[in-house]
Asks: 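What follows is a structure written as structure tokens; I'll ask about it next.
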Amino acid sequence: MNDQELMSAARKAVETSYSPYSMIQVGAALITKGNEVFTGCNVENVSYSLSMCAERIAVFTAVLHGMKPGELTKIAVAGKTSDGQWQSCPPCGACRQVIWEFAESPETPIIYQDREEVKSKSIGELLPDGFDLR
Ligand code: THU
């Protein structure tokens with residue numbers, strides 16, 4: 001699956017976002033070594049800090065279906081505002097650490113929009129020196 005196709009899957013996942021508080025819809029789509037695609041959307045809560053990011057829901061769903069550390073080969077993230085515009089959506093720091101845990105290597109690409117541009121940066125670039133006890 002190429003970058004554009006994975007980004008399309010992330011953009012589709014935006015549709016199920018539950019985000020009545022921020023009104024920011026986020027979707028994520030990842031692909032594994034076994035060529036399986038898993039998606040996630042952000043899910044908010046009236047007790048705001050209980051909200052969960054789209055990327056972590058995608059990763060945790062993949063784990064539920066058997067993904068192991070080292071098997072996440074690529075992830076795309078998309079964000080949409082309430083006026084229907086696609087917006088910049090680089091993954092937050094917490095999600096970078098979670099992606100890092102399961103990424104195939106420091107070169108594993110993360111695809112996201114930054115202003116008008118769709119970028120592909122590696123997890124190693126976005127999270128140098130991730131926390132590690134292994
Ligand atoms: N959000 C994500 O889903 N992923 C990120 O990487 C950053 C933020 C969500 C959380 C919250 O529901 C909304 O975006 C606004 O912060």
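Counting convention: from 1, in listed order, for ligands and their atoms alike. Since the model is a prediction, treat every value here as computed from it, not as a measurement. These values consider heavy atoms only, across backbone and side chains, with no hydrogens, waters or symmetry-generated copies.
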Asks: Would you mind checking if R134 and E101 are paired as a salt bridge, meaning a charged N to carboxylate O distance below 4.0 Å?
Replies: yes

Asks: Polar-atom distance check: S51 versus ligand 1, any N or O pair below 3.5 Å?
Replies: no

Asks: Check whether any N or O atom of I24, backbone or side chain, sits under 3.5 Å from an N or O atom of ligand 1, and answer yes or no.
Replies: no

Asks: Nearest non-hydrogen atom to atom 3 (O) of ligand 1 belongs to which of A54, S22, P20?
Replies: A54

Asks: What is the nearest protein non-hydrogen atom to atom 6 (O) of ligand 1, stated with its residue, atom name and distance?
Replies: E55 OE2, 2.6 Å

Asks: Under 4.0 Å from any heavy atom of P91, which atoms of ligand 1 are there?
Replies: 6 (O)

Asks: Any protein heavy-atom neighbour for atom 16 (O) of ligand 1 (distance below 4.0 angstrom)?
Replies: no

Asks: List the steps and the verdict of salt bridge (Lys or Arg N to Asp or Glu O under 4.0 Å) for D3 and K74.
Replies: CA-CA 8 Å; D3 291 6; K74 189 152 69 176; 2.8 Å; yes

Asks: Are any of the N or O atoms of E44 closer than 3.5 Å to those of ligand 1?
Replies: yes

Asks: Give a yes or no on whether the backbone of L126 and the side-chain of R96 come within a donor-acceptor separation of less than 3.5 Å.
Replies: yes

Asks: Would T81 and M23 satisfy side chain to side chain contact (heavy atoms under 4.5 Å, CB included), going step by step from the backbone distance to the final call?
Replies: CA-CA 6 Å; T81 48; M23 303 297 282; over 6 Å; no

Asks: Please examine the side chains of N42 and E55, heavy atoms only from C-beta on, and report whether any two atoms are closer than 4.5 Å.
Replies: no

Asks: For C92, take its heavy atoms, then give the atoms of ligand 1 lying under 4.0 Å from any of them.
Replies: 5 (C), 6 (O), 7 (C)

Asks: Checking the side chain of E44 only, and the main-chain atoms of S51 only, is there a donor and an acceptor separated by less than 3.5 Å?
Replies: no

Asks: Starting from atom 8 (C) of ligand 1, which protein heavy atom do you reach first, and at what distance in Å?
Replies: C53 SG, 3.9 Å

Asks: Any side-chain to backbone donor/acceptor pair from S122 onto E125? Under 3.5 Å, distance only.
Replies: yes

